[in-house]
Amino acid sequence: MEREKITLTGAPETMLATLYGRALDSRRPNSVLHDAAAVQAVSRIDYDFRKTRMTGTSAVGVAIRAKVLDDWTREFLAAYPAAVVLHLACGLDTRVQRIAPAATVRWVDLDYPDVVALREKLVSPPSGDYHLVGASVTSDSWLSDVPNDRPTVAVFEGLSMYLHKEDGKRLIERITNRFPTGQLLFDVYGTTGIKLQKLVPAVRNAGATLHWGLDDPAEVEGWHPGLKCLDALRSVDMPGLENLPLSGRLGLKVIAKIPGLRDAGRILRYRF
Ligand SMILES: C[S@@+](CC[C@H](N)C(=O)[O-])C[C@H]1O[C@@H](n2cnc3c(N)ncnc32)[C@H](O)[C@@H]1O
């Protein structure tokens, strides 16, 4: 089988690191995610994945973060079985395959057009009410194409830090203004994490730049009336970290004691 050569650079290239992390985790006997579609996608890509510098610890960390967001999405869909899911900056994340939503759910996967073109070649679309959209999250057109009569959950993993704060704020305002009710599920870097971005191999090696750091989750609540932070989970406190290799667990224990570093990454859940 001919494998797909990768020509992406910058932020789009970083999705290969997270994909590879999920695939590495899924090849472990005690996998967190069991993401067979990620393993399959990696096998179809012609790319030197050593460039991502994924380690056992970072791969399991990526998988645990994905699982938190998967579980929160599942909880939303259990409460609202006919919801809309906006999975923004989807990259090659096979979240829709892992969650396998009911036919009543409308699922929108969105990323830049060149990422979507690659995804079309590498990942089989699920059956059901599924839509793959090529656009920047900062453009206006894609959102007005999504019907706004249903509860909507927007999941965006590994996106906020690539946006400038004003674009992140505008995205959140546009989503919360458009849909009647819903949730926002996303991860953020703190400002210390943004300052230390050169230490993140996948970002450095792709030549990407991180911009937006958020230290106070309450700040976002001010961006729409009724927006309320339900969870602000530090990366060092994620459930399932006991699955990390010993060296990773010890490293996290140290980080968890250092102010600034402790808050370098968070996963957030808001309702509106
Ligand atoms: C670190 S990757 C994360 C991908 C995926 N969420 C995952 O966890 O594997 C960052 C992703 O953000 C996407 N991205 C960055 N800025 C974007 C924008 N303005 N509009 C759409 N996608 C964007 C990139 O193309 C890339 O797929």
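Heavy-atom basis, side chains included; hydrogens, waters and symmetry copies ignored. One-based numbering, in listed order, for ligands and for the atoms of each.
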Close approach, Ala17 and ligand 1, non-hydrogen under 4.0 angstrom: no
Note: Asp25-Arg22 ion pair, threshold 4.0 Å (strictly below): no
Charged N-O contact under 4.0 Å between Arg95 and Asp35: no
Heavy-atom pair of closest approach, residues Met238 and Arg65: SD-CA, 3.8 Å
Closest protein heavy atom (residue, atom, distance) for atom 3 (C) of ligand 1: Glu157 O, 3.7 Å
Ala202, portion touching ligand 1 at heavy-atom distance under 4.0 Å: neither
Closest approach of any protein heavy atom to atom 1 (C) of ligand 1, naming residue and atom: Thr14 OG1, 3.2 Å
Polar atom proximity, His87 to ligand 1 (N or O, under 3.5 Å): no
Distance (rounded to the nearest 0.5 Å) between Leu241 CG and Arg249 CZ: 10.0 Å
Ionic contact status for Arg44 with Glu2, cut-off 4.0 Å: no
salt_bridge(Arg119, Asp109) N-O dist < 4.0 Å: yes
Pair Phe179 + Phe272: ring centers closer than 6.0 Å: no
Ion pair check, Arg178 and Glu173, cut-off under 4.0 Å: no
Residue and atom name of the nearest protein heavy atom (relative to atom 24 (C) of ligand 1), distance in Å to one decimal: Asp111 OD1, 3.6 Å
Pick from Gly91, Ala89, Ala11: the one approaching atom 26 (C) of ligand 1 most closely through a non-hydrogen atom: Ala11
Identity and distance of the protein heavy atom lying nearest atom 10 (C) of ligand 1: Gly158 O, 3.2 Å
Contacting atoms of ligand 1, where contact means under 4.0 angstrom from a heavy atom of Leu159: 14 (N), 15 (C), 16 (N), 17 (C), 23 (C)
Identity and separation of the nearest protein heavy atom to atom 9 (O) of ligand 1: Thr18 OG1, 2.7 Å
contact_flag Arg22 ligand 1 heavy-atom lt 4.0 Å: yes
Proximity winner for atom 17 (C) of ligand 1, if only heavy atoms of Tyr112, Tyr20, Tyr162 are counted: Tyr112
Pick from Val203, Val137, Val200, Asp167: the one approaching atom 20 (N) of ligand 1 most closely through a non-hydrogen atom: Val137
NZ/NE/NH1/NH2 to OD/OE distance under 4.0 Å, Arg170 and Glu166: no
Atom indices of ligand 1 within 4.0 angstrom of Val115 heavy atoms, with elements: 25 (O)
